[in-house]
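What follows is a set of notes on a single structure, which appears directly below.
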Amino acid sequence: MKRTATLISPEEIALQREYCTRILEMNQPLPEKPLAFVDTYGCQQNEADSERLRGYLDEMGYGFTQDENAAAVIIINTCAVREHAELRVLGNVGALTHTKRKNPNQIICLCGCMMQEAHMAEKIKQSFRHVDLVFGPHALWRFPEFLWRIHTRRGRIFETTDDPGSIAEGIPVVRQNGVKAWVSVMYGCNNFCTYCVVPFVRGRERSRAPGVILDEIRELAAAGYKEITLLGQNVNSYGKDLEENVDFAWLLERANEVEGEFLLRFMTSHPKDASQGLFETMARCEKVAPQLHLPVQAGNDRVLKAMNRGYTSAGYLDLVSRLRALIPNIVLTSDIIVGFPGETTEEFEDTLEILKRVEFDALFTFIYSPRQGTPAAKMDDPASKEEKAANFQRLIDLQNEISARKHAAYVGKTVRCLIDGTSEDPRNNLSARTAGNRLVHVSGDPSLVGSYRDVTITHANTWALFGELRSTEPMPAET
Ligand code: SAH
Ligand code: SF4
């Protein structure tokens, strides 16, 4: 039987917006607009969540600042995927004791995945007493109510109850970028890869209704957004929990029909659910970028099984060859974990092997980080730190060589790019992206940001391409 996702009722969202109005009425008489500082760690889903928090804050009459000292409200949206990110958050939150000492009325809020871990919320309660408000991803939609309570009553708020998760529509959004936008298509994860904390902190898979997603894409396209990325922990699970008989390939095809000049990207695709139908849809839809992020994690079958990934290296290679048969110019990227508990150096050689066989355009590489409560954290982990670090370095060296070679193949070609931002480098003051999402540095007029332009690639390195804008003026007639 299909599970119907818990939709937060429109009345409940309306109540939250009423809290926004009450805070707005409190803020309006102030001589200057109070400011909020929103800091985001981790994945694009967190970026998208922060855009909703900014939407609420904007409705409450806050402006935005990058300076913690100037902020009346500080929000740190945290990530729990690896220990490294958690330590950075704790360091930065610790440093906020100074800003709060200077400004005792400052309100400090922590949210995101780290706060949904019971031991972490407890640590904040006991050891970070300057933090006023803590809430997990499940309670984000109630942020206005929490902030109102902090403003009007004494005491701290901790709202981190475990929850399978819900869907909240109708929260205002302030987007960070006028060219590229995120659209969540689903939340949560049911896969329980043995190393991963996400299913514990983000709840069960639940899909947004297709009509709501397509309306959002239509609005973004009409507002001139040039790149729309559909988000989910595993977008290939889209629709499994809905009454309608729809899947992600179907959604992508409908999104492709939306009028406008924009590219569609999506992430993340789990290899075990990546279907031939999805590849065919990608090949057929002209707005869908020739790019796929398909995390393989490891190349050894015993390790993949211990990770509970649900595919073998041969199965993965088969996916890649079928995809390349349909979309020869596909840009492929992946995630790799080095040093999963029990992975021997001999088993790690299979990861290098898969890199050589696939030749990814780029990789996101991680050393395994034990996450409390996950099955892998209880597995024997005999490999030394040094052995893992040495293997990690070999991985990086091999990928750098592959990326440099793949980038070098662009030199001399003219490719259509989206000019997506400016940069500090005076020689290359603009950044751009190929359809496959490779980074290109160019120089040109900043007014070009947000437009598609042909760029001739002049040189390349491991990390990026460098090019010259082709003239947009008509060529003079030959005499
Ligand atoms: N849902 C996405 C990714 C979520 S986390 C997917 O399945 O692809 C992003 C990446 O972080 C993962 O792909 C994995 O490579 C890495 N990761 C997750 N948990 C980790 C851990 N405990 N240690 C090291 N890397 C981890
Ligand atoms: Fe984590 Fe696996 Fe779910 Fe990705 S698919 S979020 S790696 S459990």
Side-chain angles (χ1 to χ4, degrees), residues 41-49 78-88 112-114 116-117 120 137 164-165 182 184-206 229-238 240 248 265-274 291-299 303-311 316 319 332-343 348 351 354-355 360 362-379 381 383 385 388-389 391-392 395-396 399:
Y41 291 76
C43 66
Q44 287 80 2
Q45 184 55 56
N46 254 15
E47 297 286 349
D49 284 348
T78 64
C79 170
V81 168
R82 283 171 293 275
E83 190 189 19
H84 180 68
E86 293 199 331
L87 294 177
R88 269 177 55 218
C113 293
M114 240 173 113
Q116 200 64 47
E117 298 178 293
M120 206 42 93
W182 315 112
S184 299
V185 301
M186 58 185 301
Y187 306 104
C189 181
N190 288 358
N191 288 316
F192 290 96
C193 301
T194 53
Y195 50 82
C196 186
V197 75
V198 170
F200 298 91
V201 293
R202 286 263 172 195
R204 298 289 62 74
E205 280 176 358
R206 48 214 190 271
T229 303
L230 309 182
L231 294 180
Q233 290 303 338
N234 174 18
V235 292
N236 298 333
S237 284
Y238 178 78
K240 285 184 183 166
F248 185 65
R265 303 188 193 280
F266 55 91
M267 66 188 302
T268 300
S269 258
H270 194 305
K272 78 174 166 56
D273 301 313
Q291 178 223 337
L292 189 67
H293 184 61
L294 196 64
V296 64
Q297 311 297 358
V303 175
L304 286 171
K305 191 156 196 289
M307 288 177 162
N308 190 33
R309 289 292 288 177
Y311 53 86
Y316 187 89
L319 279 182
L332 262 180
T333 56
S334 202
D335 292 349
I336 301 274
I337 298 178
V338 176
F340 181 80
E343 183 183 59
F348 165 74
T351 298
I354 213 157
L355 254 63
F360 294 106
L363 278 186
F364 297 88
T365 51
F366 311 104
I367 290 187
Y368 169 73
S369 168
R371 304 286 68 210
Q372 198 168 315
T374 60
K378 296 187 205 82
M379 293 178 188
D381 193 2
K385 256 190 168 168
K388 292 186 183 194
N391 287 343
F392 188 71
L395 180 85
I396 304 278
Q399 183 56 40

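Atoms within a ligand are numbered from 1 in the order they appear, just like the ligands themselves.
Here the side chain of Asp273 pairs no donor or acceptor atom with the backbone of Ser237 at under 3.5 angstrom. Within the 3.5 Å criterion, the main-chain N or O of Tyr187 finds no donor-acceptor partner in the side chain of Arg204. Judged by distance alone, the side chain of Thr351 and the main-chain N or O of Ala298 form no donor-acceptor pair under 3.5 Å. Remark: side-chain polar atoms of Ser269 are not paired, donor with acceptor, to backbone N or O of Ala274 under 3.5 angstrom. With Arg371 contributing its side chain and Ala80 its backbone, the two residues share a donor-acceptor pair below 3.5 Å.
Residue Phe192 holds its CZ atom at 11.5 Å from OG1 of Thr374, rounded to the nearest 0.5 Å. Between atom OG1 of residue Thr365 and atom CD1 of residue Ile336 there is a gap of 8.5 Å, rounded to the nearest 0.5 Å. Taking NZ of Lys240 as the reference point, atom CD of Glu205 lies at 6.0 Å (rounded to 0.5 Å). How far OG of Ser334 is from CD of Gln297: 7.0 Å, rounded to the nearest 0.5 Å. With rounding to the nearest 0.5 angstrom, the CZ atom of Arg309 is 4.5 Å from the SG atom of Cys193.
Considering both main-chain and side-chain atoms, Gln297 comes within under 3.5 Å of ligand 1 through a nitrogen or oxygen pair.
Counting only distances under 2.8 Å, and ignoring water, the protein N, O or S atoms around atom 3 (Fe) of ligand 2 are Cys189 SG.
The ligand atoms of ligand 1 that sit less than 4.0 angstrom from a heavy atom of Pro295 are 8 (O). For ligand 1, the atoms closer than 4.0 angstrom to any heavy atom of Arg82 are 11 (O), 16 (C), 17 (N), 23 (N), 24 (C), 25 (N), 26 (C). Within ligand 1, the atoms closer than 4.0 Å to a non-hydrogen atom of Tyr368 are 23 (N), 24 (C), numbered from 1 in the order shown. Each of the following atoms of ligand 1 lies closer than 4.0 Å to a heavy atom of Val81: 11 (O), 17 (N), 18 (C), 19 (N), 20 (C), 21 (C), 22 (N). Contact atoms of ligand 1 toward Ile367: 24 (C) (distance under 4.0 Å to a heavy atom of the residue). The distance from ligand 1 to the heavy atoms of Ser369 drops below 4.0 Å at these ligand atoms: 21 (C), 22 (N), 23 (N), 24 (C).
Using a 4.0 Å cut-off between heavy atoms, Arg309 contacts ligand 2 through its side chain alone, with no backbone atom that close.
In terms of protein heavy-atom proximity, atom 10 (C) of ligand 1 is closest to Asp335 OD2, 3.4 Å. Protein heavy atom nearest atom 7 (O) of ligand 1, with residue, atom name and distance: Arg309 NH1, 3.9 Å. The protein heavy-atom contact nearest to atom 7 (S) of ligand 2 is Tyr195 OH, 3.4 Å. Among protein heavy atoms, atom 19 (N) of ligand 1 sits closest to Tyr195 CD1, 3.3 Å.
Geometric assessment of Arg88 against the ring of Tyr41 yields a negative cation-pi assignment under the 6.0 Å and 45° thresholds.
The minimum heavy-atom distance linking Cys43 with Gln233 is given by the pair SG-NE2, 4.5 Å.
The option with the heavy atom closest to atom 6 (C) of ligand 1, from among Val338, Thr268, Asn191, Asn234, is Thr268. The nearest non-hydrogen atom to atom 3 (C) of ligand 1, considering only Arg371, Gln233, His270, comes from Gln233.
Aromatic ring orientation, Tyr316 versus Tyr311: tilted (interplanar angle from 30° to 60°).
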